[in-house]
Every structure is written in C-alpha cells, then in structure tokens.
Amino acid sequence: MGDDEEKYDGMLLVMAQQHEGGVQELVNTFFSFLRRKTDFFTGGEPGAPEKLVKEAFAHHSELALRAQKEMQSRQEKEKKEKAERAAKLKAEEERKRKEAEKEPRIKELTDEEADRLQTEIDQRKVEERKEEQAAAAETSDRADKQSDSEGEEDEKDKGKMKPNSGNGADLPDYRWTQTLSEVDLLVPFDVKFRLKGKDVVVDIQRRSLKVGLKGHPPVIDAPLYNEVKVEESSWLIEDGTVVTVHLEKINKMEWWNKLLTTDPEINTKKICPENSKLSDLDGETRSMVEKMMYDQRQKSMGLPTSEEQKKQDILKKFMEQHPEMDFSKAKFS
C-alpha cells in the first residue's frame, strides 16, 4: 500500500509547485478537473460524490492522526531510553570515581607501562598533527570557494545596509532587532512629558504596523516585511519616552531583510547568530536554527539549500522512473 500511495508523488509534486496559491488552489484544480472532464458530480446518485469525499477525508485523517500519535509515542520512548542510559552512565561514572578515590594518589609505573604510555602519547601527537593539517586544508578550500562566489554576490548586495548588533537596522526614527523567531522595535519620541498609553497609537496587524502620537502623523504606518502573530505580539512604554513593540514571527525559519516594505534592505548574509546560545535551545528549535545557518552558508557559496536539494532529488527520481515524459519545457521552482 505504501509503494502504491507514493507512486504518483513525483507527478503531484510537479503539479503542486505550479500552484502559487498552495493546497487550496491545488484542491480547487483537482475538483475543477473532475467537474469538467468526468461525470463525478452528476453520474451517480444524489449525495454520492460528497459521501465519497467525506469517506476519503475521514480515512486519511485517521491515518495522519495515527501516524502523529505513533511518532509522539516513539519520541517519548526514545526520550525515556535516553534518560535511562544517562542515569546508567552517571551511576557508572560515580562507581569509577569512588573506586579511584580508594586507590593511592600516586601510582608508580613499571618500565613496560611507561614505554607503552610514551608510545601512545607519541601516536596521539602524530594523529593530532594530521588532523590539524587536514582541517587547515579544508578551511583553505572552503575559503577559496567562498571568495569565488563573493565577487558575484557583492554586486548583488551592493548598497544594502550592514546589520546592527541585533541583526536589524538603526534608522533615523527607530531601531529594530531580530532573532529567527521574533522582532523588537524601539521608537523614541522627543516630548517634554512622560508618555502614557492614551497618548500613543499602536496598531499591530498580521501584515502591517502603525506607531505614532495621537493627533500627529504616525512615525510608522506601512506593511511589514512578513506576517506576524498578532495575539502573541505586544507593546509598552519605557522610560516615559520610548515605545517598544515586540512582534512574533509566523515564519521562524527566515531572517527579515527589512522591518517595513518601505525600509532600506540589510544584508542578511552578514547576520551573526549567537552560536554560543544554541545549546540553550530545545531540540526542535536548535535543529531549525542549525538548518537555517546551513542554508545560509549554502546560499553564500552558490549551492542549493537543504529544501532545494530535497526537491531536486525527488524530481530526479521521478524523471528516472518516467523516461517517456518530456521535461525539457517544465519549469521547477
């Protein structure tokens, strides 16, 4: 059954990539085909098409929920096994530590043991030197590749702003910073009194933002670069003169190259994520950040990202399975 289900995945993937409207547009195209080219809606008893669609939906919904439940169960089992292994390892280390405390602090080696230890030390030094040389050679090759691609990219990125210390931009009327998951905005106001909530206008929408003083032209009133979660975003007044706005990104796999569509662009290739804090993230978020950093490195060297590589592999497999089809005029994105 699994092989039969995947039989048309390649063809359907090609179709899906031609629908910029996503799943909704793809489903609409499918039903349009059934309406125009078959008697699906009119050839059976009244209500039969709807019943068929509902049964298919219920069947695959049940399969999806069951697969999700199995995955969660498997993850919980793996987590439990990992905790048990960690506990055993800790117990073993504790046992070794106690045994080591019982032994004499200074232990005299025999001549044979001393010779063997010296041989091991010499071998380790030789291996370390080889590893250092290999690492240096790899770094040099990577630097050469990157320098070759930087010439082209410099032309494309010419004129873009360098990100500030918070991976955002310092503009005349406001300053913004970002992480992969959120954006923070600071809008200072030159007033002689302490601002209160009733004095300002802050309107956060999914694709737009407005910030200003009541009775005055807004400092910000433009579409955002990308969508945000309105219910998880917020704003407050700091020090009586600064309005700070916190925006929660919907797409947590993307660095914004501008806050508003009217802002100048920053060069996202020069963004520096704090690698030292990766260990503080949970597994899912950490893998997401590492994937983002990998894709950014791939782009900087003119190589395909992980998602692009995955699509290429799927399409290559499909084309090999269907040599009778002509893909010369097909457009893939």
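- Scanning for salt bridge (charged side-chain N to carboxylate O under 4.0 Å, His left out) contacts around Glu62 gives Arg66, with sequence neighbours left out.
- The OG1 atom of Thr29 lies 10.5 Å from the CD atom of Gln24; values are rounded to the nearest 0.5 Å.
- Residues Pro49 and Glu45 share a closest heavy-atom pair of CD-O, 3.8 Å.
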List the atom pairs, with distances to 0.1 Å, where a side-chain N or O of residues 232-243 and a protein N or O form a donor-acceptor pair under 3.5 Å, not counting sequence neighbours.
{"from": "Ser233", "atom 1": "OG", "to": "Lys229", "atom 2": "O", "distance (Å)": "2.8"}
{"from": "Ser233", "atom 1": "OG", "to": "Glu248", "atom 2": "N", "distance (Å)": "3.2"}

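- One finds the NE2 atom of His19 at 8.0 Å from the CG atom of Asn28 (value rounded to the nearest 0.5 Å).
- Atom CD of Glu231 has more than 12 heavy atoms from other residues, nucleotides or ligands within 6.0 Å.
- Between Ile314 atom CD1 and Lys311 atom NZ the span is 9.0 Å, to the nearest 0.5 Å.
- In this structure, CG on Leu259 lies 6.0 Å from CG on Leu224, to the nearest 0.5 angstrom.
- Among all heavy-atom pairs drawn from Leu260 and Ala222, the shortest one is CD2-O, 4.0 Å.
- The salt bridge (Lys or Arg N to Asp or Glu O under 4.0 Å) analysis of residues 28-40, with sequence neighbours excluded, yields no pairs.
- Cluster membership for Leu209 and Val201, using ILVMFWY side-chain heavy atoms within less than 4.5 angstrom, is not shared.
- Lys258 NZ to Ile266 CD1: the interatomic distance, rounded to the nearest 0.5 Å, is 10.5 Å.
- In this structure, Arg95 and Glu99 have side chains that are in contact, with non-hydrogen atoms separated by less than 4.5 Å.
- Side-chain heavy-atom separations under 4.5 angstrom define the hydrophobic clusters, and the remaining members of the one that includes Phe40 are Val23, Val27, Phe30, Phe31, Phe33, Leu34, Phe41, Leu52, Val53.
- Pairs passing the side-chain hydrogen bond (donor to acceptor under 3.5 Å, both in side chains) check and including a residue from residues 208-225, sequence neighbours excluded, read Tyr225-Glu254.
- With a 4.5 Å cut-off between side-chain heavy atoms of Ile, Leu, Val, Met, Phe, Trp and Tyr, the cluster of Phe57 takes in none.
- Shown here are the side-chain hydrogen bond (donor to acceptor under 3.5 Å, both in side chains) partners of Lys51, two or more places apart in sequence or in another chain: there are none.
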Show me, pair by pair, the donor-acceptor contacts under 3.5 angstrom made by side chains of residues 119-133, not counting sequence neighbours?
{"from": "Thr119", "atom 1": "OG1", "to": "Asp115", "atom 2": "O", "distance (Å)": "2.9"}
{"from": "Asp122", "atom 1": "OD1", "to": "Gln118", "atom 2": "NE2", "distance (Å)": "3.1"}

Just distance, no hydrogens or angles: give the donor-acceptor pairs under 3.5 Å from side chains in residues 171-199, sequence neighbours left out.
{"from": "Tyr174", "atom 1": "OH", "to": "Asp263", "atom 2": "OD1", "distance (Å)": "2.5"}
{"from": "Tyr174", "atom 1": "OH", "to": "Asp263", "atom 2": "OD2", "distance (Å)": "3.2"}
{"from": "Arg175", "atom 1": "NE", "to": "Asp170", "atom 2": "OD1", "distance (Å)": "2.6"}
{"from": "Arg175", "atom 1": "NH2", "to": "Ser165", "atom 2": "OG", "distance (Å)": "3.3"}
{"from": "Gln178", "atom 1": "OE1", "to": "Lys249", "atom 2": "NZ", "distance (Å)": "2.7"}
{"from": "Gln178", "atom 1": "OE1", "to": "Trp256", "atom 2": "N", "distance (Å)": "2.9"}
{"from": "Gln178", "atom 1": "NE2", "to": "Asn167", "atom 2": "O", "distance (Å)": "2.9"}
{"from": "Gln178", "atom 1": "NE2", "to": "Trp256", "atom 2": "O", "distance (Å)": "2.8"}
{"from": "Thr179", "atom 1": "OG1", "to": "Ser181", "atom 2": "N", "distance (Å)": "3.3"}
{"from": "Thr179", "atom 1": "OG1", "to": "Ser181", "atom 2": "OG", "distance (Å)": "3.4"}
{"from": "Thr179", "atom 1": "OG1", "to": "Glu182", "atom 2": "N", "distance (Å)": "3.2"}
{"from": "Asp184", "atom 1": "OD1", "to": "His246", "atom 2": "ND1", "distance (Å)": "2.8"}
{"from": "Asp199", "atom 1": "OD2", "to": "Lys196", "atom 2": "N", "distance (Å)": "2.9"}

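- Using a 4.0 Å cut-off between a side-chain N of Lys or Arg and a carboxylate O of Asp or Glu, Arg97 and Glu94 qualify as a salt bridge.
- Once rounded to the nearest 0.5 Å, the distance linking CG of Leu13 with CD of Gln18 reads 10.0 Å.
- Connectivity analysis of hydrophobic side chains (ILVMFWY, heavy atoms under 4.5 Å, direct or indirect) links Leu89 to nothing; its cluster partners are none.
- Taking 4.5 Å as the limit, every side-chain heavy atom of Arg207 sits out of range of all side-chain heavy atoms of Pro223.
- Annotation: side-chain hydrogen bond (donor to acceptor under 3.5 Å, both in side chains) contacts involving residues 72-88, sequence neighbours excluded, are absent.
- Listed by chain and number, the residues in a side-chain hydrogen bond (donor to acceptor under 3.5 Å, both in side chains) with Glu20 amount to none (sequence neighbours excluded).
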